[in-house]
Protein chains: 2
Amino acid sequence: MTAVQQPASLRERKKLRTRQALAETAVPLFTERGFDETPLDALLDAVEVSRRTFFRNFRSKEDVAFTAVEQLWSTCLLVLDDAELSGRAADVFRDAMLTTLDRMGEDWYAHFSATLRLVEQSPSLHGHSLRHCAAMRVEVSRRLGVADSTEGRLLVEFCVAAWRCALDEWLPGGEPGELPGCVRRVFDAMPRCLDAEVRPEAP
Amino acid sequence: MTAVQQPASLRERKKLRTRQALAETAVPLFTERGFDETPLDALLDAVEVSRRTFFRNFRSKEDVAFTAVEQLWSTCLLVLDDAELSGRAADVFRDAMLTTLDRMGEDWYAHFSATLRLVEQSPSLHGHSLRHCAAMRVEVSRRLGVADSTEGRLLVEFCVAAWRCALDEWLPGGEPGELPGCVRRVFDAMPRCLDAEVRPEAP
DNA sequence: CAGGCAAACGCCACAGTGTGGCATTTTCGA
DNA sequence: TCGAAAATGCCACACTGTGGCGTTTGCCTG
């Protein structure tokens with residue numbers, strides 16, 4: 001896994017264990033019963049945790065379903081911090097994301113794709129996902145140092161949009177090894193898309 | 001205003017009047033006291049409407065603050081329906097949006113900019129805004145007939161992102177006459193943004 | 001114009017999420 | 001071994017959104 005193994009204190013390990021139990025239980029549970037149809041109490045009963053402790057670990061019901069997504073992005077931001085920044089910003093972002101994907105383990109891919117399928121089904125989760133993307137745009141802009149120009153802000157919006165498109169293309173299959181290819185394909189399509197022409201519909 | 005004047009029946013006029021009263025009261029009220037800090041009951045007391053009727057008119061508390069935004073997009077979709085679709089999809093979208101803006105009245109601009117300022121302050125409203133944009137992407141994709149290719153989906157994402165950037169540039173001033181200029185500027189910047197280079201930060 | 005009909009309304013009660021207070025248990029460090 | 005800090009569980013509360021149901025209001029026909 002990507003999480004840095006910090007045995008740390010017994011207390012922190014225990015807290016992290018309940019966090020993990022909540023996240024790993026939540027995704028299958030929500031998938032089976034539906035996100036909006038599943039009361040939070042169902043998860044709490046399953047993991048045997050009180051509401052109070054849950055909300056100390058996660059900000060919201062949506063949050064607990066997003067562990068895999070947040071793991072990805074926190075890793076990606078670390079990669080960006082360590083990367084040497086030079087060249088086209090779009091390439092830098094794409095390569096950072098590819099590096100990030102390379103660091104993820106097999107189990108993460110399973111958890112991640114399950115999360116994406118879940119997000120597609122629930123409007124509230126979809127909204128949460130979009131908000132998360134917006135937050136990531138801010139962080140990425142800062143790290144790429146392109147936040148102060150129109151072109152820069154447009155580019156970051158564009159890159160995150162491309163990332164989402166790559167996920168859309170990947171999801172039906174969902175094979176871990178295929179995601180990097182989807183990312184490359186979509187990023188290659190970016191320059192072409194501006195010349196896309198409308199197709200007079202004929203339904 | 002953009003709303004088609006349909007006197008219709010007395011009943012419908014009455015219903016529409018309460019809808020309008022709610023929307024026009026909501027934005028200043030939320031602006032003054034903060035969106036999350038203002039209970040819905042405060043608005044209901046101000047307009048003297050029961051909760052039941054409120055939720056028959058609006059789907060959520062966020063929804064009532066979005067009237068101006070929805071007016072814009074419903075008009076824009078109508079413009080797209082009537083427009084002859086040919087040429088580059090990005091240009092078609094930009095021109096449709098410019099036409100739409102031209103149809104809006106002075107009072108709408110005031111309501112709209114107030115709404116945008118409100119959205120910037122509240123996380124939940126911001127999330128609602130992003131979800132609304134996603135819904136509009138679907139509608140625009142359908143109308144432009146570009147939903148079936150990677151380039152097409154990328155383009156629509158890109159266009160809506162450009163629209164949001166234009167709003168960001170316009171908002172500080174907020175003069176009605178300046179928004180079309182912002183839109184043109186940002187759309188002109190789209191091809192350039194792909195070549196944007198990272199700037200080695202030096203904090 | 002009278003009276004039935006349907007739509008809109010208001011009131012009530014409920015489920016669900018998220019927050020704060022407070023006592024209790026568990027863990028860390030001295 | 002003991003005190004401090006942190007995590008937990010329990011309780012109560014505010015707020016949003018929904019459904020039931022009786023009542024009012026406007027519409028439309030005889």
Side-chain angles (χ1 to χ4, degrees), chain A residues 6-23 25-26 29-30 32-66 118-119 121-129 131-132, chain B residues 6-23 25-26 29-30 32-66 118-119 121-129 131-132:
Chain A
Q6 283 180 343
S9 62
L10 194 157
R11 182 147 51 190
E12 292 182 34
R13 268 179 294 161
K14 209 168 184 179
K15 191 181 171 97
L16 200 140
R17 206 185 309 156
T18 66
R19 262 191 71 94
Q20 237 169 355
L22 282 167
T25 310
L29 183 65
F30 290 156
E32 187 185 13
R33 295 181 48 181
F35 181 79
D36 294 308
E37 290 72 26
T38 309
L40 189 56
D41 292 337
L43 173 62
L44 271 41
D45 291 345
V47 191
E48 291 185 326
V49 167
S50 75
R51 205 192 332 277
R52 195 70 179 83
T53 19
F54 174 85
F55 281 106
R56 262 189 287 262
N57 281 279
F58 298 96
R59 281 189 297 272
S60 67
K61 183 187 171 189
E62 286 83 11
D63 208 28
V64 69
F66 263 76
L118 189 57
V119 168
Q121 291 172 0
S122 162
S124 46
L125 273 178
H126 192 248
H128 193 80
S129 171
R131 268 179 62 180
H132 188 261
Chain B
Q6 284 180 341
S9 62
L10 195 155
R11 192 185 312 196
E12 291 181 34
R13 268 179 295 160
K14 210 167 185 178
K15 190 183 170 93
L16 200 139
R17 206 187 309 156
T18 65
R19 261 193 72 94
Q20 235 168 355
L22 282 166
T25 311
L29 184 64
F30 292 156
E32 188 185 12
R33 296 181 49 181
F35 181 79
D36 295 308
E37 291 71 28
T38 309
L40 188 56
D41 292 337
L43 173 62
L44 300 176
D45 290 347
V47 191
E48 290 184 327
V49 167
S50 76
R51 202 194 329 274
R52 197 70 180 83
T53 9
F54 174 84
F55 282 106
R56 262 190 286 261
N57 283 279
F58 299 95
R59 281 188 298 272
S60 68
K61 184 185 171 191
E62 286 82 10
D63 208 29
V64 69
F66 263 75
L118 189 56
V119 169
Q121 291 171 2
S122 160
S124 45
L125 274 178
H126 192 248
H128 194 79
S129 170
R131 267 178 62 178
H132 188 260

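Below, all heavy atoms of this structure are taken into account, side chains as well, without hydrogens, waters or symmetry copies.
For B:R52 against D:dG17, no side-chain N or O and base N or O form a donor-acceptor pair under 3.5 Å. On a pure distance criterion of 3.5 Å, no polar donor-acceptor pair joins the side chain of B:R13 and the base of D:dG26.
Among all heavy-atom pairs drawn from B:V119 and B:F66, the shortest one is CG2-CZ, 3.9 Å. B:R51 and B:D41 get closest at one heavy-atom pair: NH1-OD1, 2.9 Å.
Across the protein-nucleic acid pair, A:D36 atom CG and D:dG17 atom C1' stand 12 Å apart, rounded to whole Å. Taking atom CZ on A:F55 and atom P on D:dC10, their separation rounds to 16 Å, with Å as the unit. In this structure, the CZ atom of A:R17 is 14 Å from the P atom of C:dT26, given to the nearest Å. In this structure, the NZ atom of B:K15 is 15 Å from the C1' atom of D:dT24, given to the nearest Å. Atoms CZ (A:R56) and P (C:dT19) sit 12 Å apart, rounded to a whole Å. Distance, A:E37 CD to C:dG16 P: 11 Å, rounded to whole Å. Rounded to whole Å, atom C1' of C:dG16 lies 12 Å from atom CZ of A:F30.
Atom CD of B:E37 is surrounded by more than 12 heavy atoms from other residues, nucleotides or ligands within 6.0 Å.
Note: B:L22 CG to B:Q20 CD = 10.5 Å, rounded to the nearest 0.5 Å. Put simply, CG on A:N57 and OG1 on A:T18 are 4.5 Å apart, with the number rounded to the nearest 0.5 Å. Summarising the geometry, atom CG belonging to A:D36 is positioned 4.0 Å from atom OG belonging to A:S124; distances are rounded to the nearest 0.5 Å.
Contact annotation: A:K14 side-chain N/O to C:dT27 OP1/OP2 distance is under 4.0 Å. When the side-chain nitrogen and oxygen atoms of A:T53 are compared with OP1 and OP2 of D:dG9, one or more of them lie within a distance under 4.0 Å.
Across D:dG26, D:dT8, C:dC28, the shortest atom-to-atom separation from the side chain of B:L10 is found for D:dG26. Among the nucleotides C:dT19, D:dA7, D:dT16, the one closest to any side-chain atom of B:P39 is D:dT16. Nearest nucleotide to the side chain of A:R11, out of C:dA6, D:dG9, D:dA6: D:dA6. Listed candidates were D:dT8, D:dT18, C:dG10. Nearest to the side chain of B:R51 is D:dT18.
Of the possible donor and acceptor atoms, none in the side chain of A:T53 sits under 3.5 Å from a partner among the backbone N and O of A:V49. In this structure, B:S129 contributes its side chain and B:L125 its backbone to no donor-acceptor pair below 3.5 Å.
Using cut-offs of 30° and 60° on the angle between ring planes, the pair B:F30 and B:F35 is perpendicular.
Along DNA chain D, the nucleotide closest to A:T18 and the one closest to B:T38 are compared, and the more 5′ of them pairs with A:T18.
Near DNA chain C, defined here as any heavy-atom distance below 4.0 Å, the residues from residues 40-50 of chain A are A:L40, listed numerically. The stretch residues 57-64 of chain A comes close to DNA chain C through A:S60, A:K61, A:E62, each having a heavy atom under 4.0 Å from the strand.
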* **Chi angles and distances behind the side-chain contact (heavy atoms from CB on, under 4.5 Å) call for A:V64, A:R19** => CA-CA 9 Å; A:V64 69; A:R19 262 191 71 94; over 6 Å; no
